[in-house]
Structures are given as C-alpha cells and as structure tokens.
Amino acid sequence: MTITKGSPMIRTRAPEVDELEHVGRSLAQWLSDDGPVQLHPGDLGWYSLRGAAATADAVRVWSEGERILAVSLLDGPGLLRFAVHPEHRDDSDLAQRITADVAHADAGVLATGAAVIEVRGVPALDECLAANGWSSDEPWTPLRRNLRLPVEAPGIRVENVKSDDTEAWWRVHWSAFRGTPVPEARLRSLIDGWRLAADGPFFSSARILAGFNDSGEAVAVSAVWSAGEGRPGLLEPMGVHREQRGHGYGKAITLAAAAALRALGASSALVATESSNFGGVATYAAAGFEALTPVRDWARKG
C-alpha cells in the first residue's frame with residue numbers, strides 16, 4: 001500500500017469556534033439541487049447540540065491559502081463525513097492528501113482501527129480510498145423533494161418548538177430511535193443540548209418541529225436546517241414514537257418538515273437513510289421525496 005501526501009500547499013486543521021459560521025457558509029455554497037447529498041451545514045447544526053467547542057473539535061478543514069477545499073465531521077467514533085468543493089471533486093492532490101491524513105492517526109483526523117468514511121460524488125477520493133485498502137460499506141439511499149411547488153398539508157397539528165421547551169420532543173425522539181423511555185438524567189442533558197445549539201452559529205437556520213395526535217400528545221418529531229435561499233435544506237432527524245406507528249405520522253411530520261424548509265427559502269429538501277430501512281424510505285417517498293441512486297460509504301477494518 002502506497003499513500004502519497006498530495007500537495008504540500010494543502011493545509012489540514014481544526015477550525016476555531018468563531019470560524020464555524022464561515023465553514024457552514026462554505027458548505028452551503030457547495031450545495032445544488034443536482035449535486036450529491038453530502039455533508040450539509042445542518043449536520044454541523046445537529047452536532048452542535050454538543051456545544052460549539054465540541055463541534056469545532058470534531059470538524060477538519062482542508063484549505064489552500066484562504067480557500068476551503070473540503071470539510072469533514074467526525075460524527076461519532078470512527079464515522080467521518082465529508083463535503084468537497086465542487087471544483088475539487090476530481091482533484092487528485094486533494095484526494096491524496098485526505099487519504100494520507102485519514103491513514104495516520106498523528107494527522108489528527110481519524111483514530112486508528114475500524115472506521116467508516118461517508119463521501120459522495122467525489123470520484124478522485126473514491127479512487128484513492130479504494131486503492132489504499134478501504135472497501136465498500138452498506139448502501140444508503142439519498143432522497144430529495146423539489147420545493148418549487150407548495151407542499152400539501154400534513155393533516156395533523158404541527159408546532160415549531162422553542163429551544164427551551166423540548167422535553168416532549170426529546171421523549172418522542174428517544175422512543176423513535178431507542179424504543180425505551182428516556183432516563184431522566186439523560187433527558188436533562190438532551191434538553192440542555194438544544195439550548196447549546198440555540199447559542200451556536202447554525203440555529204437561526206433551524207426549525208424544531210413536533211406533531212400531535214387528536215388527543216394532544218406529541219407523536220412525531222423532526223428538525224430542519226436551511227442552507228440559505230435557493231439551496232437544498234436538510235431534514236435531520238425525523239422520528240415517530242414507537243407506540244404511535246402505523247397512523248401516518250411519519251409522512252405527516254415529513255410533509256411539515258418540507259413545508260418548513262420551503263418557508264425558509266429552500267429549493268429542495270434532502271435526507272438520507274440506510275437502504276435497508278425500507279420503512280423509512282417508504283415514508284419519505286409517501287411524502288413526495290424521490291429516491292436517488294443508492295451510495296456506499298467506505299469502510300476500514302480494525
């Protein structure tokens with residue numbers, strides 16, 4: 001295995017907290033309706049529930065001079081998610097530099113051992129990773145809904161939740177993804193997370209949505225993140241309370257999320273889910289999302 005280091009002019013670093021807004025703007029500028037579904041400023045926004053300092057510590061920027069070429073987010077242990085400037089998706093020097101950085105823990109990007117890299121629509125980096133021991137992982141299905149036309153009504157009451165009033169939102173979210181009641185100590189921490197995000201650079205583009213049944217119970221939740229007028233927005237996350245499934249609430253909250261993004265000026269709504277999550281893919285499709293060509297992450301064994 002031979003890994004070249006790429007151009008010595010390319011610099012890899014973690015941004016300062018006060019640079020996160022600029023990094024997010026760069027990510028937004030790289031987005032287009034016909035481009036790949038890659039790392040979105042909303043992903044940084046969702047991560048910022050851990051606080052701005054933790055978010056900056058999880059981000060890496062590859063730049064040449066003042067020009068940002070690529071951004072990654074270490075989104076949990078061993079999961080590195082990427083976006084690359086559209087003009088540099090075939091840049092072999094950049095691809096070689098990233099491949100070298102992720103191969104060596106002392107580069108400060110990725111620890112040794114098992115890892116997954118999410119990179120989409122970047123042929124040069126795909127080629128370098130494949131040539132250096134990375135293999136295809138499980139497929140994901142990106143989905144997109146065009147927001148040029150109005151979105152149909154969700155059919156349930158949906159509220160935009162304030163960042164300091166997210167207890168019911170978190171209880172639904174925890175049930176959707178864990179299937180158990182949320183421990184009270186953990187709930188307090190999660191509620192504090194939305195407050196931290198509200199103080200960060202991404203929250204002004206976010207909407208926290210909760211859907212309610214006829215009895216007034218919160219049954220479905222989502223959050224959406226705008227990338228600015230005329231650019232694709234992100235739906236992350238979406239979930240339905242485990243005891244409330246089968247009533248169409250997933251479709252309803254997804255429609256509400258799309259409508260919220262349209263009101264924020266988004267040109268389209270983006271989401272991605274594991275291709276094996278047939279129920280999730282079907283829910284998004286029912287809400288008018290088009291399933292795009294499945295993509296595979298890159299995996300490294302431990």
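In what follows, residues are counted from 1 in the order of the sequence shown. Quantities reported herein were computed from a predicted structural model and do not represent experimental measurements.
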Pair Glu19 + Arg13, salt bridge at N-O below 4.0 Å: yes
Below 4.0 angstrom, N of the basic side chain to O of the carboxylate: do Arg120 and Glu118 qualify? yes
Could you tell me which non-hydrogen atom of Phe203 sits nearest to which non-hydrogen atom of Ala198, and how far apart they are? CG-CA, 3.5 Å
When hydrophobic residues are tied together by side-chain contacts of less than 4.5 Å, even through go-betweens, does Leu74 share a cluster with Ile98? yes
Could you tell me how the ring of Trp169 sits relative to the ring of Trp194: parallel (under 30°), tilted (30 to 60°) or perpendicular (over 60°)? perpendicular
Hey, are Arg145 and Glu152 close enough for a salt bridge, meaning a charged N less than 4.0 Å from a carboxylate O? yes
Side-chain donor or acceptor of Arg300 paired with backbone N/O of Gly113 under 3.5 Å: yes
Same cluster (ILVMFWY, side-chain, under 4.5 Å), Leu234 and Leu209: no
With no hydrogens and no angle check, do the side chains of Thr180 and Trp174 hold a donor and an acceptor under 3.5 Å apart? yes
Under 3.5 Å, side chain of Arg11 to main-chain N/O of Ser63, donor-acceptor pair present? no
With a 4.0 Å cut-off on N to O distance, would you call Asp75 and Arg81 a salt bridge? yes
Do side-chain atoms of Ser26 reach the backbone of His22 as a donor and acceptor pair under 3.5 angstrom? yes
Is there a path of hydrophobic side-chain contacts, each under 4.5 Å between heavy atoms of I/L/V/M/F/W/Y residues, joining Leu44 to Val224? no
Can you find a side-chain donor-acceptor pair between Trp225 and Asp43 that sits under 3.5 Å? no
With sequence neighbours left out, the residues meeting ring-ring contact (aromatic ring centres under 6.0 Å, His included) with His241 are none
Pair Lys162 + Asp165: basic N to acidic O under 4.0 Å: no
Apply salt bridge (Lys or Arg N to Asp or Glu O under 4.0 Å) to residues Arg97 and Asp93 and explain how you reach the verdict. CA-CA 6 Å; Arg97 175 57 184 269; Asp93 281 342; over 6 Å; no
Checking Glu159 against Arg157 for the salt bridge (Lys or Arg N to Asp or Glu O under 4.0 Å) test, could you report, in this order, the C-alpha distance in whole Å, the side-chain angles of both residues, the deciding distance, and whether it holds? CA-CA 7 Å; Glu159 292 185 0; Arg157 178 169 64 90; 2.2 Å; yes
Within a 6.0 Å radius of atom CD on Glu127, are there more than 12 heavy atoms belonging to other residues, nucleotides or ligands? no
Could you walk me through whether Ser48 and Thr55 pass the side-chain hydrogen bond (donor to acceptor under 3.5 Å, both in side chains) test, one step at a time? CA-CA 6 Å; Ser48 72; Thr55 304; 5.0 Å; no
Do Val221 and Val219 sit in one hydrophobic cluster, given that two such residues count as connected whenever their side-chain heavy atoms are within less than 4.5 Å of each other, even indirectly? no
Leu110 and Leu94: same hydrophobic cluster, using ILVMFWY side-chain contacts below 4.5 Å? yes
Evaluate the criterion side-chain hydrogen bond (donor to acceptor under 3.5 Å, both in side chains) for residue pair Asp33 and Ser267; output intermediate values, then yes/no. CA-CA 7 Å; Asp33 290 323; Ser267 57; 2.8 Å; yes
Within the 6.0 Å centroid threshold, strictly below: His173 and Trp46: yes
Considering all heavy atoms of both residues, which atom of Leu31 and which atom of Arg231 are nearest to each other, and what is their separation? O-NH1, 3.0 Å
One thing to verify: whether Glu184 and Arg171 come together as a salt bridge, which I'm taking to mean a side-chain N less than 4.0 angstrom from a carboxylate O. yes
A cation-pi test, strictly: NZ or CZ of Arg245 under 6.0 Å from the centre of the six-membered ring of Tyr249 and no more than 45 degrees from its axis. Yes or no? no
For Phe278, I'd like to know if atom CZ has over 12 heavy atoms of other residues, nucleotides or ligands within 6.0 Å. no
Would you confirm whether the ring centroid of Phe82 sits within less than 6.0 angstrom of the ring centroid of Trp62? yes
Side chain of Asn132, backbone of Cys128: donor and acceptor closer than 3.5 Å? yes
